[in-house]
Structure formats: structure tokens, C-alpha cells
Amino acid sequence: MKGIKKSQLSNFLQQVSAKYSLYVPAQVDGVTRFQKYSSEREPFLTANTQLSPKELFFPQTEQLYCYETHKQEVKVEELAASSEPQVLFGVRPCDMQAIGVLDDVFLGKGYEDVYYRAKRANTLIIALACSQAEATCFCDSMGVDPAFAPQADLMMYETEDGYLIEALSDQGKDFLQEFSSALEELRSEKPQAPACELKAETDGLVEKLQKMFEHSVWAELSRKCINCGTCTYLCPTCHCFDIESKTRGGKEVKFRCWDSCMYKEYTLMAGGHNPRPTKKERVRQRFLHKLQYMPERYGKWGCVGCGRCIDKCPVNLDITKVIRELREVEA
Amino acid sequence: MNPLVPIIGKISKIVDETPDTKTFHVTTSNGKPFTPLPGQLAMVSLPAVGEAMFSISSQGDDHLEFSIKKVGMLTEALHDAEVGQEIGVRGPYGNGFPLDFCKGKDMLFIGGGIGLAPLRSLINYCVANREDFGNLQVIYGARSPADLCFKEELFETWPKVRDMRVDVTVDKGDENWQGNVGFVPAFLEQLNPSPEGKVTVTCGPPIMIKFVLQSLAKMNYQPDNIITTLEMRMKCGVGKCGRCNIGSCYICLDGPVFTLTQLNQLPNEY
Ligand code: SF4
Ligand code: SF4
Ligand code: FES
């Protein structure tokens, strides 16, 4: 199988970055996330990134349009939702699955989000199979194969001597063609998929949850949550946003920014009514959204088992433990 | 077509309905911004203040109407606006009322306060397409005579429509009030319209809806033939921003109109 020798990796990335806007996992200021490639920046490939790649399609803040108001007049100027051709290198299978979830949300159900589409349609994704599961990984419980990402354009496997690479989509094939001179025949074999030690038992979960909306377990499960929102910002599938205005360089700009169902204001209505007034309703919303509503609406889990929320929740609210408790209590 | 960017329209007329509710007519240089179905929603914005979702309470050949109660920053700014003010509108959003289901049937509308606004779009549709519907009846209540919305239609226009009756009640009368005094649910039971061949559409304060539904059940109305509209906080209007869900339903796309049968299947979180 064709591949890239480890010693040739930076050479390959440099060739790609000469033609495309290339993003690689890297550590910057103590945080691992997808960064624009530069030759001084060593790609971080030993584990998944702390921040998910969703910010490349759905940035934390994004301008929507400009407007001007003068006395009774209002003028709106649309901002072109464009993007340069970009390549994402080293996306893990769980995060690729999460991008598939975002595709369903932003491109499906009758309306296309033009800002998301502009970036998504212009991006080629090279996924990297995991050869080792972290203690917080449970993707294989959520229908993800840690060694394969079927929705990626290309699939890469780390071996002893390098990275095997195969094309999964037509764009992926063209890309391999384009950079064929940087590839060589490697002798190694595809490695075995790692097994996650952390598990979540999900059989029959949706059906059970459909009967548990009013269950007393939600009060118990939400007790320690401080509604900080960390879990939702880190989650690769969370897509909620707010729309707000700001003044930038004398211009008024409408922008959207990540929002979180963990906050009271999220559902607070102008008259003061709030359908999710306490953390019990908000925590229930988060877990039911991922484990019941998403499967009902899009036919897939809203959790891909990446483990980020487990790793970073300040009070240790672990979604796999939540799933376990939900299974154990009587519906 | 970018669903998040508003069209700019102009307020062409403002009607004072009650001390805290005004109806705004919005038009553009090309006529109405779009042609909604009765019961659909639109995002209305004063870009410098904010944007919020409102039901479109009626439409004319060249304009849309929004009946807006003062409850927060945006609605206060709208109430301060004058004719000629340009505003943003985008939409239409949501499912609207099930017209095909309603056609050929008698229609009973039960509204309270500003809750008559979404019903009005359908009432005026029924009036404009009179031959498509059976008898029409509106039962409407507000806190006081001054709080009644759409007085001209209630007391002048609608009662003159063929086979249409309008019954109005107030919680508390004043020296000039000659009509019924009492809450909507009690008034409904007193009028006791037969459920036979009827579709009932109700909208109002949550507490009124709760008791109206109880009264309708007592009077033998079936959940399949009872329709209501829901309200949630909204930002995008197109099922992306996440906040308007009730269970796996997004009110901006799958609602705001539901039959009672559908509502009973949703989690109780609205
Ligand atoms: S990270 Fe933990 S504490 Fe913070 S909102 Fe999420 S579950 Fe609650
Ligand atoms: S819910 Fe937690 S484990 Fe699941 S995808 Fe989101 S961040 Fe990852
Ligand atoms: S308003 Fe954004 S999802 Fe409904």
C-alpha cells in the first residue's frame, strides 16, 4: 500500500500546504487543536486534539452580514460566505462521524446553512485511524470504528515505518494522484483497530429514554452539574448558536457564536417564561438530545464517544456513567 | 438564498390595538416581503436592537401584519417606531395551519389576549375563502375591554360575515361594557357549541389553554380536531441553532401548529 515515510511527513505536508490551506493537529499555547500548518509547527499525532475540528466549519464566532441604520433607514449588506480550498489532515474517526452529524444538521431538513456549506464543500478531509484508545475514549460503543472513517476523503493508518494512505472518495483519489510523487510503497500492514476500555451499553437505549422524560433520575443526575457549558463547547457535535450584533470598525455586524443548552438564557422568553428553568431540565436536554432526539431525528447518535466532556467536566459528570445509570433505573 | 439574512421592509401603517399591543403593517418596494400560509412565523428585526420571531397575524395584497405586545427590548423599540421605519423580516417559517384538514368543516376559534394574533391569520383566510369552510365562530376574551385586540374585526367586520358569530368576554368589565364578563373557559362552556363536524383552534395564555382544553374534553371534543400553536425562544428559524426543540421536534420547522393529539405525544417542556 502507498504511504508516507515518517521521515518524509513534513516534506509531504509542505507540498500540500503550498497548494491548499492545510490544517493539522498541533499544540499551541498548551492546547491541542487544528491549526494552519507551518513547517515550524510539529503536527500532534499521538492522541486526539482537545478542541474538535468543528471550529473549521462552524467557527466559535462567525460574521453573517453587516448593516447600517440611519434615522428610519436600514441597509443590509450580505457577507459572501466563501472559503479557500482547504485540507484537514489527521481527523480522528470519532470526529469524522461528528462532522457527519453536523452535515445533517446544517445541510439537511430543508434548509442549507450557506456559511457551513461554503467551508464544508471546499474541504478535503484526511482521517487518521487511531492505534490506541485513551482512557476516556468509548467511540466503539457509539457506532464508530476507531480505525476507519467512512465519510472521510482519505484514510491514513500509522505503522512502524510511516503512514499508509488510501482514498475513499473521488476527491480523495484525485488528491492522491496530485501528490503521487510524495508517496511511496510501504511494506507494513494496516494495524489492528484498538479496543476502547471504556464502554457504554446503548442497545435499546432510545426506546427506554422515550419513556423516561419525567423520571426522577434527572434530578439526581444533574445534581452536581454547575452548568458551565464546557461539555457543549468541547463536544464535536454540539451545534447550537446565538445571533448577536457588534460594532466593528464603524460597521455594525451580525454574527453568530456558539451557545449552550446549559445556560438559563438559552430558552428564556421575552415575557419571562422559561421552559427549562433549572439545571434538571437543561442536563436532561443535553443527554436526551444526544441519546434520543438525535437518533429520532437524524437516525444517528448525537454522541460519538470522543470522551472530551468526560475529560474536561469540572465535576466529573461522565456520560458513560450517565448511560449506565439510565439503564439501571427502572423506566 | 440565505435564510439568516433579512429582507428590508418598511412599516406602512401602525394600528393601536390595546395599551400594550400594536399591529404593524410591513411592506417592501416589491409588495409584501413573501406570501406566508396562515399560522406561519417570521423573524422581525430592528437590526440595532435585536430580532425575534412573531406570528404573522394577517396579510394583505401588498403587506404582512404583525401584532406585537410590548414585553422586552425589541418590542419596546418597535412600539416606539413610527410609520416609515425600515425593519428586517425573514421567513416564512414553520408549518402553518393544516388548511386541507380544516376545509369543509365548521371552525371554532378560541382566543385569549394577544393569542388571537396567530388565529387571526386563519380567521381572515376563512373569511376570504368563505365558501371553503362551514360555520365560523370566534370566542375571544381579554382582561378588560381596553385589552381586546382587533376590535374593528371583532365588532364590525366578522359579525357581518355570512354564518359567522363572534362571542366576546372580558375578565373584568367597565362602565361601558355590555357584553359577557367571565373567563374564556367558563364562557365556552356556557355557549356550549357542539363538537359535531368542528375543528377547534385555540391560542392564548398557557393557563387559559390549559382550562380551555379541559372544558373541550368535558364537552366531548376529540384531540384530533383541536389545534393549537406553541411558542419557544428562537434564533435561526430554520432548525439549526438548536434552542426551539421540544423533544425531537423543532418548533420553528415542525411547528408552531400542532393538533392536541400531536401535543400529547411531545414531552411536557414548553
Ligand atoms: S462540563 Fe460538566 S459541569 Fe459543566 S455543564 Fe457540562 S456536565 Fe455540567
Ligand atoms: S457528548 Fe462528550 S463524548 Fe459524546 S461526542 Fe460530545 S464531547 Fe464527545
Ligand atoms: S429557532 Fe433555531 S432551531 Fe428553531
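In the text below, chain A, chain B and the rest are named by the order of the sequence lines, each starting its count at 1.
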Worksheet item: Passes side chain to side chain contact (heavy atoms under 4.5 Å, CB included), B/Val5 versus A/Val76? Steps please.
Response: CA-CA 8 Å; B/Val5 179; A/Val76 163; 3.8 Å; yes

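- Here the closest heavy-atom approach between residue A/His289 and residue B/Tyr250 is recorded as NE2-OH, 3.5 Å.
- A 4.5 Å side-chain heavy-atom check between A/Gln72 and B/Glu82 finds at least one atom pair inside the cut-off.
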Practice prompt. Quick one: do B/Ile8 and A/Lys75 satisfy side chain to side chain contact (heavy atoms under 4.5 Å, CB included)? Show the steps, please.
Written response: CA-CA 7 Å; B/Ile8 297 304; A/Lys75 273 205 199 77; over 6 Å; no

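- Proximity to chain B is absent for every atom of A/Leu209, based on heavy atoms less than 4.5 angstrom apart.
- The pair A/Arg284-B/Glu269 counts as a salt bridge, with a side-chain nitrogen and a carboxylate oxygen less than 4.0 angstrom apart.
- Using a 4.0 Å cut-off between a side-chain N of Lys or Arg and a carboxylate O of Asp or Glu, A/Glu244 and B/Lys235 qualify as a salt bridge.
- Between B/Asp254 and A/Arg297, the closest side-chain pair of non-hydrogen atoms falls below 4.5 Å.
- Looking at B/Pro47, both its backbone and its side chain come within 4.5 Å of chain A, counting heavy atoms on both sides.
- Annotation: side chain of A/Asp242 is in contact with side chain of B/Arg243 (closest heavy-atom distance under 4.5 Å).
- When side chains are defined from C-beta on, B/Cys249 does not count as touching A/Tyr293, because their heavy atoms never get closer than 4.5 Å.
- With hydrogens and angles disregarded, a donor-acceptor distance shorter than 3.5 Å links the side chain of A/His239 to the backbone of B/Lys240.
- Checked by atom type and distance alone, the side chain of B/Arg233 never pairs as donor or acceptor with a backbone atom of A/Asn274 at under 3.5 Å.
- No donor-acceptor contact under 3.5 angstrom links the side chains of A/Glu214 and B/Asn268, judged on distance only.
- Taking the side chain as every heavy atom from C-beta outward, A/Asp113 and B/Val238 never approach each other to under 4.5 Å.
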Discussion item. Show, in sequence, the C-alpha distance, side-chain angles and deciding distance for A/Arg256 and B/Leu4, and conclude whether the side chain to side chain contact (heavy atoms under 4.5 Å, CB included) test is met.
Written reply: CA-CA 10 Å; A/Arg256 68 171 164 200; B/Leu4 295 183; 3.9 Å; yes

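- In this structure, chain B has a heavy atom under 4.5 Å from the side chain of A/Tyr115, while its backbone stays farther away.
- Looking at A/Tyr111, its side chain never comes within 3.5 Å of a backbone N or O of B/Gly237 through a donor-acceptor pair.
- Looking at A/Leu288, there are no atoms closer than 4.5 Å to chain B (heavy atoms on both sides), in backbone or side chain.
- Of the atoms belonging to A/Ser245, it is side-chain heavy atoms, and not backbone ones, that fall under 4.5 Å from chain B.
- Only the side chain of A/Phe213 comes within less than 4.5 Å of a heavy atom in chain B; its backbone stays farther off.
- In this structure, the side chains of A/Pro275 and B/Met232 come closer than 4.5 Å at one or more pairs of heavy atoms.
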